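Below you'll find the structure, written out as structure tokens, and then a few comments.
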Amino acid sequence: MIKDTSIFAHPSELEFAQILNFYGLKWEYEPRSFALRYDGDKIAEMMTPDFYLTDLDLYLELTTLKQSLVTQKNRKVRKIKELYPDVNIKLLYRKDFHRILAKYGFGPLAEADTKGIDKILLSTRQIQHKVNRLGSEISSDYKGLKPVLVGVQRGMICFMADLMRKISLPVEIDFMTISPYSGDDSQSVGISKDLEMDLSGKDVILVEDIIDTGMTLSFLKDHLISKNTNSLQICTLLDKKIRRLVETDIKYVGFDVPDEFLVGYGLDYNEKYRNLPFIGILQT
Ligand code: IMP
Ligand code: MG
């Protein structure tokens, strides 16, 4: 729970803090100011990033308030990177933030009428080709073993179904479901349906549809590791790298994808579009 909501300058910061809490990511609000320019020995310009994510050693600046400030903030962030090369800082644009909210069915994007698919990003053929390649890669890497493919409901359904048929080894499969963020401040990410299989000593491959901020993945990894697996690797069809907040090693990646909202081949927008045989960009 966030005790004092008055510390935030803007409701979007509070909402963002709630999302971080949901994923159990520790944060501090505006804990440090960076001097950017001196006038003699007086500080003439400085910047105080909105959030510091303690465990990730990452500063975040939200530019959700005024678009007119974006250029200025961009310049300040560049300056911090220049003057303090050891400091990790990222700028989160209004668009990024709205997309994060839309994933959970909130915010202006979720409320807007969607006009449908803008264009096809990956055709059925391109996807099949890539799935074949991932399947053979996994088959040779896990030779002599019996990997367990773990899927998190529901986005991976098409990918998992195709991938397992391209792995020429005995494989086992199991599924879990996690509770999505609902905007409730007291809620944290949890498992609404856990795996049924005992994973201890198993070689587990977590099969994901898409990695975005990485917050879900980081939670899932910790959860799976706690089951004493012999090994754990990640296989994701899509990687939206540019949006990453929590970095994680991902062994198998199908496609690096642009910062767009994607649907089809299992991916949904408010539970729609999952059954499209291709991956399309949603008009926003
Ligand atoms: P993360 O925790 O931000 O990495 O979110 C990952 C999850 O968000 C994925 O498993 C998807 O369910 C969902 N997601 C992220 N990006 C998209 C997208 O472009 N379309 C549909 N779902 C998405
Ligand atoms: Mg998912």
Side-chain angles (χ1 to χ4, degrees), residues 15-16 18-25 53 55-56 58 60 90 92-93 95-107 109-110 112 114 116-122 127 149-160 163 175-182 187-193 205-224 234-250 252-276 278-284:
E15 180 91 67
F16 188 69
Q18 280 182 203
I19 293 175
L20 295 175
N21 280 359
F22 178 76
Y23 285 102
L25 296 171
L53 307 195
D55 296 332
L56 306 178
L58 172 68
L60 283 179
K90 278 187 184 171
L92 218 64
Y93 295 98
K95 194 176 87 175
D96 300 331
F97 184 64
H98 287 172
R99 289 236 172 94
I100 290 180
L101 292 180
K103 266 193 331 199
Y104 312 112
F106 294 112
L109 279 183
T114 53
I117 310 293
D118 228 0
K119 73 178 231 221
I120 295 179
L121 180 70
L122 299 165
I127 297 169
L149 306 182
V150 165
V152 181
Q153 319 255 32
R154 297 180 282 269
M156 53 66 234
I157 176 126
C158 299
F159 180 42
M160 179 96 135
L163 181 68
F175 300 96
M176 57 190 287
T177 311
I178 53 175
S179 55
Y181 175 70
S182 70
Q187 185 206 14
S188 61
V189 64
I191 289 143
S192 42
K193 183 206 161 286
I205 304 174
L206 176 62
V207 178
E208 270 281 25
D209 47 357
I210 183 165
I211 314 290
D212 187 19
T213 62
M215 292 194 283
T216 309
L217 180 62
S218 127
F219 165 75
L220 289 170
K221 256 189 110 164
D222 289 348
H223 178 69
L224 292 174
I234 318 295
C235 175
T236 186
L237 181 64
L238 309 173
D239 188 358
K240 223 187 265 179
K241 254 202 199 94
I242 113 164
R243 293 253 315 230
R244 193 78 86 252
L245 294 179
V246 189
E247 300 291 346
T248 311
D249 278 343
I250 304 172
Y252 306 100
V253 176
F255 302 93
D256 285 322
V257 291
D259 186 11
E260 302 280 0
F261 202 93
L262 306 175
V263 291
Y265 196 67
L267 292 167
D268 75 307
Y269 173 74
N270 286 345
E271 294 306 322
K272 278 192 292 197
Y273 304 109
R274 283 200 203 274
N275 57 332
L276 294 176
F278 54 83
I279 291 171
I281 296 177
L282 194 74
Q283 245 175 44
T284 49

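Not measured: the values here are computed from a predicted model. Just so you know, ligand 1 is whichever comes first in the structure, and atom 1 is the first atom listed for that ligand. Below, all heavy atoms of this structure are taken into account, side chains as well, without hydrogens, waters or symmetry copies.
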Discussion item. Taking the side chain as everything from C-beta on, heavy atoms only, tell me whether Lys272 gets closer than 4.5 Å to Val263.
Written reply: no

Worksheet item: Can Gly214 be said to touch ligand 1, with heavy atoms closer than 4.0 Å?
Response: yes

Item to complete: Pull out every atom of ligand 1 sitting under 4.0 Å from any heavy atom of Asp268, numbered as shown with elements.
Response: 21 (C)

Discussion item. So, 4.0 Å and heavy atoms of Met156: is ligand 1 close enough to count as a contact?
Written reply: no

Item to complete: Could you see which bit of Asp209 sits under 4.0 Å from ligand 1, with heavy atoms only: side chain, backbone, both or neither?
Response: side chain

Fill in: Gap between atom CG of Leu282 and atom CG of Leu262 - 0.5 Å precision
9.0 Å

Practice prompt. Given side chain to side chain contact (heavy atoms under 4.5 Å, CB included), test Asp268 with Arg154 step by step and report yes or no.
Written response: CA-CA 9 Å; Asp268 75 307; Arg154 297 180 282 269; over 6 Å; no

Worksheet item: Taking 4.0 angstrom as the limit, do Arg99 and Asp212 come out as a salt bridge?
Response: no

Practice prompt. Can you sort out which atoms of ligand 1 are near Glu208, meaning under 4.0 Å from one of its heavy atoms?
Written response: 10 (O)

Item to complete: Test Leu60 against Phe16 for side chain to side chain contact (heavy atoms under 4.5 Å, CB included), laying out the working first.
Response: CA-CA 11 Å; Leu60 283 179; Phe16 188 69; 3.6 Å; yes

Worksheet item: At a 4.0 Å threshold, what atoms of ligand 1 neighbour a non-hydrogen atom of Phe261?
Response: 19 (O), 20 (N), 21 (C)

Item to complete: Record the part of Lys240 in heavy-atom contact with ligand 1 below 4.0 Å; permitted values are side chain, backbone, both and neither.
Response: side chain

Discussion item. So if I count the atoms of ligand 1 from 1 in the order they appear, which ones are less than 4.0 Å from some heavy atom of Glu260?
Written reply: 19 (O)

Worksheet entry | Trace of the side chain to side chain contact (heavy atoms under 4.5 Å, CB included) decision for Val152 with Asp209 | CA-CA 9 Å; Val152 181; Asp209 47 357; over 6 Å; no

Worksheet item: Does Ile210 reach ligand 1, in the sense of a heavy atom lying below 4.0 Å from it?
Response: yes

Worksheet item: Closest approach of Gln153 and Thr177, non-hydrogen atoms and distance?
Response: CG-OG1, 3.1 Å

Worksheet item: Heavy-atom contacts under 4.0 Å between Arg99 and ligand 1: side chain, backbone, both, or neither?
Response: neither

Response to the item:
Closest to atom 2 (O) of ligand 1 by heavy-atom distance, out of Leu262, Thr216, Ile100, Leu267, is Thr216

Fill in: Parallel, tilted or perpendicular: rings of Tyr265 and Phe159 (30°, 60°)
tilted

Worksheet item: For ligand 1, is there an N or O atom under 3.5 Å from any N or O atom of Tyr23?
Response: no

